[in-house]
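Below you'll find the structure, written out as structure tokens, and then a few comments.
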Amino acid sequence: METTWKVNDETTRRLLGRLYRQSDEIMRINASILTLQKDPAFYANENFCQFVWSFDEGRYYHFQCQGYMEGIVVTKDQSPQFLRYWFNRLFAPARDHLHRALAYFDRMQAKLESDGNVDSAMLNRQIQALRQTSGIRPTRGRPFQYAVDHDARCRAINSVACPIPLHYTVCILL
């Protein structure tokens with residue numbers, strides 16, 4: 001039997017706070033990417049190009065996700081329709097694109113470490129910080145698997161009115 005949780009103002013404020021922290025990490029990573037793009041050697045690396053493309057897509061959806069959650073927090077309207085839209089149309093694409101970007105990053109990480117480039121080392125540290133903030137950790141079976149935090153504040157979306165499986169809890173955001 002699956003446990004259900006009610007969504008309330010406290011939950012959405014915490015989710016928004018988590019989105020803000022992840023936005024800071026994403027903007028730092030974006031600045032590093034822009035610096036690395038000045039070096040033509042990185043364009044020869046297909047994994048780097050795929051990483052940049054996937055990261056940009058994930059960044060776009062992440063900020064859409066954050067803006068929509070800001071609206072939910074301000075209006076205090078945690079209706080099932082709004083939460084389903086937020087999860088399925090904004091959160092899930094952001095998660096998927098950033099997940100894919102990190103998989104490409106892992107493929108090119110050895111090259112970045114061997115280059116000895118200060119900017120690529122900075123990018124590596126920032127990616128590690130995003131993984132820590134987001135609860136993303138490398139696994140053997142798949143490039144990444146989102147860590148599931150069973151803390152009650154993170155089970156918010158799992159309510160009777162808005163049934164989203166527990167393994168997709170929002171606390172594992174991006």
For this session: List the steps and the verdict of salt bridge (charged side-chain N to carboxylate O under 4.0 Å, His left out) for R14 and E10.
Result: CA-CA 6 Å; R14 286 185 182 192; E10 173 74 17; 2.8 Å; yes
For this session: Calculate, to the nearest 0.5 Å, the distance between atoms CG and CZ belonging to N30 and F55 respectively.
Result: 6.0 Å
Exercise. Among the clusters formed by ILVMFWY side chains lying less than 4.5 Å apart, do V73 and Y85 turn up in the same one?
Worked result: yes
Problem set entry | Heavy-atom closest contact (N88 atom, P93 atom, distance) | O-CD, 3.5 Å
Exercise. Distance from L102 atom CG to I127 atom CD1, nearest 0.5 Å?
Worked result: 5.5 Å
Exercise. Are L98 and L34 connected, step by step, through hydrophobic side chains (Ile, Leu, Val, Met, Phe, Trp, Tyr) whose heavy atoms are closer than 4.5 Å?
Worked result: no
For this session: Report yes if some heavy atom in the side chain of D77 is under 4.5 Å from a heavy atom in the side chain of I72; otherwise report no.
Result: no
Problem set entry | L19 vs H62 side-chain heavy atoms within contact, under 4.5 Å | yes
Exercise. Distance from D24 atom CG to R21 atom CZ, nearest 0.5 Å?
Worked result: 9.5 Å
For this session: Dump the intermediate steps for side-chain contact (heavy atoms from CB on, under 4.5 Å) on D119 and S32, then the final yes or no.
Result: CA-CA 7 Å; D119 295 324; S32 291; over 6 Å; no
Exercise. Does the side-chain hydrogen bond (donor to acceptor under 3.5 Å, both in side chains) test come out yes or no for Q132 and Q128, once each step is laid out?
Worked result: CA-CA 6 Å; Q132 187 175 26; Q128 297 311 319; over 6 Å; no
For this session: Verify the neighbour count for atom CE of M108: are there more than 12 heavy atoms of other residues, nucleotides or ligands below 6.0 Å?
Result: yes
Problem set entry | pair V52-Y104: side-chain heavy atoms closer than 4.5 Å | no
Exercise. From L15 CG over to Q66 CD, what is the distance, rounded to the nearest 0.5 angstrom?
Worked result: 12.0 Å
For this session: Fit a plane to each ring of Y68 and F82, take the angle between them on a 0 to 90° scale, and name the class: parallel (under 30°), tilted (30 to 60°) or perpendicular (over 60°).
Result: perpendicular
For this session: Would you please classify the geometry between the W86 ring and the F91 ring as parallel, tilted or perpendicular, with 30° and 60° separating the classes?
Result: parallel
Exercise. Can you tell me how far SG of C65 sits from CD of E70, rounded to the nearest 0.5 angstrom?
Worked result: 10.5 Å
Problem set entry | Atom CZ of R13 with >12 non-hydrogen neighbours under 6.0 angstrom | yes
Problem set entry | Min side-chain heavy-atom separation F105-N47 under 4.5 Å | no
Exercise. Is a side-chain donor or acceptor of T12 paired with a backbone partner of D9 at a separation under 3.5 angstrom?
Worked result: yes
Exercise. Linking I/L/V/M/F/W/Y whenever their side-chain heavy atoms sit closer than 4.5 Å, directly or via other members, would W53 and Y61 fall into one cluster?
Worked result: no
Exercise. Would a hydrophobic clustering, with Ile, Leu, Val, Met, Phe, Trp and Tyr connected at side-chain separations under 4.5 Å, put Y20 with L90?
Worked result: yes
Exercise. Roughly how far, to the nearest 0.5 Å, is OG1 of T11 from CG of L16?
Worked result: 12.5 Å
Problem set entry | Face-on cation placement of R84 at F87 ring, 6.0 Å and 45° thresholds | no
For this session: Check salt bridge (Lys or Arg N to Asp or Glu O under 4.0 Å) between D56 and all other residues, then give those that pass, not counting sequence neighbours.
Result: R59
Exercise. Got R18 and Q22 here, is their nearest side-chain heavy-atom distance under 4.5 Å?
Worked result: yes
Exercise. Should M122 and F48 be counted in the same cluster of Ile, Leu, Val, Met, Phe, Trp and Tyr side chains packed under 4.5 Å apart?
Worked result: no
